[in-house]
Amino acid sequence: MKNKLFILWIVFFCSCNQQTHVSPVLDNMALIPYPNNIVSTNNSLKFSSINSIVGDQAVSYVLKIIHNEAKQLIGKLDVNNRKSSTSSSIFIQIVNDFNALSKEAYILEIKNDRVIIKGNSYDGIYRGWQTFSQIIKLADQRNSHYIPTGIITDSPEFNYRGTMLDVSRHFFSLSEVKRHIDLISEYKINYLHLHLSDDQGWRIEIKSRPKLTLIGSKTEVGGTDGGFYSQKEYKEIVEYASLKFITIVPEIDIPGHTNSALVSYSKLNCDGKLKKPYIGTNVGFSTLCNNEYTFEFLEDVIREISELTPGPYFHIGGDESHVTTREDYLDFISRTSQIVKKYGKTIIGWDDINIGEIPKNTILQLWNITQQKDTNPNDGSEYQNKAMLNVINGLNKGSKILISPASLMYMDIKYDSLTKLGLNWAGYIDVKTGYDWKIEEVFPEIPKEKIIGVEAPLWSETISNSSEIDFMTFPRLPGYAEIGWTKSSLRDWNNYKTRLAKHSRLWENNNVNYYKSHLIEWINNNTK
Ligand code: TNX
């Protein structure tokens with residue numbers, strides 16, 4: 001009897017002990033995007049015992065960035081310049097000897113007394129840090145000082161995992177853009193495309209063309225005040241994003257979607273007269289005039305923006321130019337492409353630009369897919385919308401493809417018929433529709449090596465503040481981030497939705513206004 005009691009006591013003691021010390025195994029954590037390889041070692045690390053960040057001179061740039069973030073997450077940390085790991089530290093190291101195709105590849109090793117993050121570049125080390133920081137944020141709140149041990153060896157499926165923010169239909173302030181960068185960065189998004197001009201407003205200072213901001217920036221949809229980023233502010237956005245290893249892609253949409261330029265400079269209009277400002281939401285009614293003045297103008301714009309932009313891409317739009325003649329459109333695409341090339345950037349354009357003379361490495365952004373099938377006018381066969389014909393034509397010209405199908409990836413499309421914000425021209429996109437598809441199944445015609453990645457655009461006809469940006473972005477964005485990062489063979493809706501459910505607590509902690517889709521059994525602070 002005494003023995004039995006003793007055993008019972010041991011069992012009781014161990015289970016109590018487990019409650020305070022043992023966290024879930026590493027491969028069960030609700031990580032998004034899910035890493036491509038996790039080996040759990042079934043121990044735990046008391047992360048509050050970490051008291052320093054260690055690395056040598058070669059990593060000092062990224063070490064400083066990580067230190068700044070880690071202080072907020074873990075608390076005060078010392079920085080030590082050393083070439084090897086010590087206990088109670090996060091050790092970061094550049095290694096050239098692991099076989100990784102991507103500069104974002106990393107190895108994250110969580111031991112019971114230390115953390116080691118390795119990459120072959122700063123980007124990789126930072127991605128490893130992001131995974132570690134998500135593990136801490138997801139750690140069970142009742143057990144918050146412990147996280148599970150193991151080794152994550154990870155690298156992204158696609159090098160481009162982007163989102164787009166339309167700052168033209170509605171203008172968003174510098175702090176709203178920074179907030180958005182913070183939130184998308186949690187999911188390893190690495191490109192932010194800014195739609196800087198459209199009919200309703202011009203949003204970036206061009207020093208040689210001051211009327212663009214004096215006149216063209218003043219309006220936005222609905223008649224409220226617009227705004228613009230000074231060159232200094234734009235640089236601040238670029239810099240802020242770069243600290244999270246996010247590259248800014250600027251877009252100046254031509255030759256259509258240009259009313260805000262046409263209200264600023266009369267010579268851009270073929271009749272020489274200024275247009276009236278536009279605050280509605282129609283598309284396809286404006287065009288630049290195909291004349292020499294316009295090309296001098298475009299050269300000024302492209303030169304100034306390229307000089308402010310360290311990233312490799314310049315987006316020239318090219319969509320829905322319904323009132324530009326085909327001949328003029330072709331001139332616009334070929335001449336503008338040459339200007340972009342002259343300033344050292346690679347062209348991205350909406351898939352419409354495939355018909356133009358485009359340089360070999362041009363990137364076509366596949367967008368025009370709705371949820372209905374179209375009929376091919378040539379032979380009556382069914383095909384999956386105009387965009388597929390555009391993309392196939394572009395592939396034949398040596399283009400690469402950025403995947404942004406409206407019916408699956410547009411974050412301005414309503415979740416369902418009851419969603420107050422958003423549009424529904426491409427159907428409805430609830431969390432499952434947005435996540436539960438595979439690029440190779442939806443677009444079997446596009447060879448994988450021709451796909452640079454994915455981008456989820458957020459158009460802003462109906463969206464005018466941070467809370468509305470959040471609502472359309474979450475919970476869909478994490479799914480797009482995972483489509484871009486995680487091998488499709490490892491992705492599964494049922495598994496994903498249980499992981500996603502645990503992210504609501506992270507959003508609530510940051511006051512993120514997310515759509516509480518009934519497809520997800522949300523786990524939040526109040527139910528903990
Ligand atoms: C189509 S996507 C557009 C935009 C609109 C969007 C609304 C694209 C290249 N053009 O001008 O804002 O639909 O969903």
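Note that the structure is predicted; figures quoted are calculated from it, not measured. Start at 1 and go down the list; that is how both ligands and their atoms are numbered.
- The distance from ligand 1 to the heavy atoms of L423 drops below 4.0 Å at these ligand atoms: 7 (C), 14 (O).
- For atom 11 (O) of ligand 1, the candidate residues are E251, E461, Q365, R169; the nearest heavy-atom contact is made by R169.
- A donor-acceptor pair is defined here as one N or O able to donate and one able to accept, closer than 3.5 Å; no such pair exists between the side chain of S404 and the backbone of W367.
- Ligand 1 has no nitrogen or oxygen under 3.5 angstrom from a nitrogen or oxygen of W459.
- From the protein, the heavy atom lying nearest to atom 2 (S) of ligand 1 is Y410 OH, 2.5 Å.
- Ligand 1 places these atoms under 4.0 Å from at least one heavy atom of W350: 9 (C).
- Remark: the backbone N or O of Y34 is paired with a side-chain donor or acceptor of T486 at under 3.5 angstrom.
- Side chain to side chain, S488 and E440 meet the donor-acceptor criterion of an N or O pair below 3.5 Å.
- A donor and an acceptor atom, one from each side chain of E357 and S337, are nowhere located under 3.5 Å apart.
- Nearest protein neighbour of atom 7 (C) of ligand 1, counting heavy atoms only, is D412 OD2, 3.3 Å.
- When each atom of ligand 1 is checked for a heavy atom of W425 under 4.0 Å away, the hits are 7 (C), 13 (O), 14 (O).
- With a 6.0 Å cutoff to the six-membered ring centre and a 45° limit on the axis angle, K341 does not count as a cation-pi contact of Y343.
- Taking every heavy atom of H257 and a limit of under 4.0 angstrom, the matching atoms of ligand 1 come to 11 (O).
- Between E304 and R209, none of the side-chain N atoms (NZ, or NE/NH1/NH2) sits under 4.0 Å from a carboxylate O, so this pair counts as no salt bridge.
- With hydrogens left out, the protein atom closest to atom 9 (C) of ligand 1 is D319 OD2, 3.0 Å, a heavy atom.
- Of the protein's non-hydrogen atoms, E320 OE1, 3.4 Å is the one closest to atom 3 (C) of ligand 1.
- Around the CD atom of E449, the shell of radius 6.0 Å holds more than 12 heavy atoms that belong to other residues, nucleotides or ligands.
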